[in-house]
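One structure is given below, encoded as structure tokens.
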Amino acid sequence: MKAHYELIKNEKNTKARLGIMHTNYGDFETPMFMPVGTQATVKTLSPEELKEVHSGIILANTYHLWLRPGEDVVNKAGGLHKFMNWNGPILTDSGGFQVFSLSKPKDVTEEGVKFKNHLNGDNLILTPEKSIEIQNKLDSDIAMSFDECVGFPHTRKYIEDSVERTLRWAKRGKLVHKNEKQALFGIVQGAEFEDLRKHCCEELIKMDFDGYSIGGTAVGEPKDVQYMQVEYSCKYLPVDKVRYLMGVGDPIDIIENTIRGVDIFDCVAPTRLARHGHALTKYGKINLKNAKYKEDFTPIDENCDCYACKNYTKSYIKHLINADETFGARLLSIHNIRYLTKLCEDLREAIKNDTILDYKEEFIKNYYGKEKNK
RNA sequence: GCGGAAUUGGUGAAGUGGUUAACACGCCGGAUUGUGGCUCCGGUAUGCGUGGGUUCGAUUCCCACAUUUCGCC
């Protein structure tokens with residue numbers, strides 16, 4: 001069986017959707033936040049801890065696992081689930097984001113994208129076919145097409161060419177996709193141009209993917225542009241397939257884009273922020289390095305059910321972060337991921353009750369309001 | 001008691017008779033969006049042991065004192 005989406009309910013006042021993703025490694029409800037585990041591990045967390053924070057699915061990265069340890073090693077281990085001892089769903093990114101973060105414009109060719117291996121300097125080329133072959137071997141539940149993720153700003157002409165290339169790459173990848181238990185998603189590009197997003201959606205739908213990702217967001221564009229890009233994508237996507245917004249994980253953005261019809265999110269923010277000493281709270285992001293927490297013997301959030309909040313104080317976690325102890329990063333990662341999965345639980349509840357706009361208003365009032373008064 | 005050396009921010013320290021006293025760490029803030037993990041960006045000594053003197057001008061030269069330290073009796 002391939003992973004597939006079941007639509008449960010549309011929210012009455014917005015485009016928000018409640019759904020279930022069925023996979024061979026369990027089902028999860030959407031909207032859902034997906035933590036990032038680039039190198040077959042969500043940094044600092046064990047699989048048991050990931051279960052505890054209610055991660056329905058995690059993301060791993062094709063580019064990194066290709067370079068190290070190599071897809072054949074993972075394949076011989078019995079696939080990514082066995083290799084990393086995670087028996088929940090896994091989605092793999094295609095390496096498309098590395099097109100944005102690691103390559104220069106001249107490195108993007110029709111064949112694929114040239115990279116310099118960051119571990120040993122080798123010149124490499126990642127192609128749509130190679131990306132899919134690697135993902136087939138990694139044996140994730142959901143694979144991504146290899147796309148070109150273009151940064152912001154950019155010219156319309158470049159996006160026009162890039163979208164066509166991404167479509168050709170999607171088709172090439174689909175042709176070599178052989179893993180029958182693995183779903184394959186197409187990626188919508190087109191930046192902030194509605195006609196290009198529409199065109200991209202229509203062409204991808206013709207290829208009949210198992211789900212659709214919205215790409216080209218979270219690359220430095222203003223918030224209103226991001227929301228527009230999501231609207232211009234969801235508008236043209238089929239209702240019976242899941243929609244995954246790539247790279248977005250700011251709490252407000254999760255709410256705004258859920259309202260616009262997105263089902264799955266991923267972001268490095270909760271884990272990266274954790275390693276740098278930040279915690280997400282109802283009243284905004286706080287920096288535990290700040291001196292004011294030195295003798296704050298209360299939990300990050302008294303109402304949070306995570307292991308960190310149930311057992312540790314801000315003062316202690318601040319001490320761990322200041323002393324560069326990894327346990328601090330682990331406690332904050334647990335909290336931040338739980339914060340986002342709980343946010344998604346709340347959003348699902350609000351969709352059931354058709355109260356998502358009220359939820360958003362209340363959330364923003366708390367998140368920005370008190371933070372600014374501090 | 002005698003002789004020498006030293007005294008620069010929270011710490012280790014560089015430095016010069018003349019605009020804003022280097023650098024590092026720490027500290028105080030900020031950033032971080034399909035992760036090239038442990039990064040990046042700011043701020044942080046109105047003052048160079050204390051008191052005099054020389055000089056147009058002294059943290060820098062001179063004197064005294066204090067403190068620290070080394071050696072000798």
Side-chain angles (χ1 to χ4, degrees), chain A residues 33-45 57-68 90-103 115-122 124 131 135 140 142-152 166 185 187-189 212-223 225-226 229-230 244-254 256-257 262 264-278 280 285-294 318 320-330 332-333 336 340 374:
Chain A
F33 174 78
M34 179 164 60
V36 176
T38 302
Q39 310 203 69
T41 171
V42 174
K43 294 183 196 304
T44 74
L45 298 191
I57 175 169
I58 63 170
L59 179 149
N61 196 286
T62 297
Y63 172 79
H64 298 79
L65 296 174
W66 173 42
L67 299 191
R68 183 170 58 188
I90 301 173
L91 180 149
T92 40
D93 186 22
S94 61
F97 185 71
Q98 279 65 45
V99 175
F100 160 67
S101 65
L102 305 179
S103 70
F115 294 104
K116 206 168 258 299
N117 180 335
H118 68 278
L119 302 172
N120 62 16
D122 282 355
L124 302 168
S131 174
Q135 293 183 75
S140 55
I142 302 171
M144 292 297 115
S145 294
F146 187 65
D147 66 325
E148 183 184 11
C149 178
V150 182
F152 189 90
T166 285
F185 285 16
I187 300 181
V188 182
Q189 292 289 349
Y212 297 90
S213 306
I214 300 167
T217 52
V219 290
E221 76 284 5
K223 298 278 184 189
V225 171
Q226 177 186 109
Q229 297 188 116
V230 170
Y244 156 40
L245 178 59
M246 310 183 85
V248 171
D250 179 85
I252 303 294
D253 293 347
I254 288 179
E256 290 287 0
N257 290 308
V262 171
I264 303 176
F265 301 84
D266 86 281
C267 191
V268 303
T271 43
R272 180 181 289 164
L273 287 173
R275 292 197 301 281
H276 298 164
H278 295 74
L280 297 168
K285 187 180 74 183
I286 65 170
N287 184 354
L288 286 170
K289 287 182 180 172
N290 289 172
K292 62 184 170 185
Y293 300 114
K294 189 165 187 173
K318 171 182 173 52
L320 294 178
I321 293 293
N322 281 357
D324 203 25
E325 286 289 347
T326 55
F327 190 47
R330 189 164 135 212
L332 284 175
S333 292
N336 286 344
L340 292 179
K374 273 177 188 169

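Letters A, B, ... mirror the listed sequences (proteins, then strands); counts begin at 1.
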Residue pair A:Thr217 / A:Gln229, side-chain donor-acceptor N/O under 3.5 Å
no

Expressed in whole Å, how much space separates the C1' atoms belonging to B:rU19 and B:rC27?
30 Å

Within a reach of under 6.0 Å around NZ of A:Lys223, are more than 12 heavy atoms found that belong to other residues, nucleotides or ligands?
yes

Listed pairs, N/O of protein and of nucleotides 41-45 of chain B, under 3.5 Å:
none

Holding to side-chain contact (heavy atoms from CB on, under 4.5 Å), I want the full list of residues that pass it with A:Asn61, two or more places apart in sequence or in another chain.
A:Thr38, A:Tyr63, A:His64, A:Asp93, A:Gln98

Taking the same atom, P, in B:rU39 and in B:rC25, what whole-Å distance lies between them?
11 Å

For A:Lys289, all residues meeting side-chain contact (heavy atoms from CB on, under 4.5 Å), sequence neighbours excluded:
A:Asn287, A:Ile321, A:Asn322

Watson-Crick or G-U pairs under 3.5 Å in RNA chain B, rendered as dot-bracket with [ ] for crossing pairs and | for another strand
(((((((..(((.....[....)))((((((.......))))))....(((((..]....)))))))))))).

B:rG9 versus B:rA5 - spacing of their P atoms, nearest Å:
22 Å

Contact letters for nucleotides 29-35 of chain B, in which S counts primed atoms plus P, OP1 and OP2 and B counts the base, heavy atoms under 4.0 Å
SSBBBBB

The criterion is side-chain contact (heavy atoms from CB on, under 4.5 Å); which residues satisfy it with A:Phe100, sequence neighbours excluded?
A:Phe97, A:Cys149, A:Val219

Under the side chain to side chain donor-acceptor pair (under 3.5 Å) criterion, do A:Gln135 and A:Thr92 qualify, and how do the steps go?
CA-CA 7 Å; A:Gln135 293 183 75; A:Thr92 40; 2.8 Å; yes

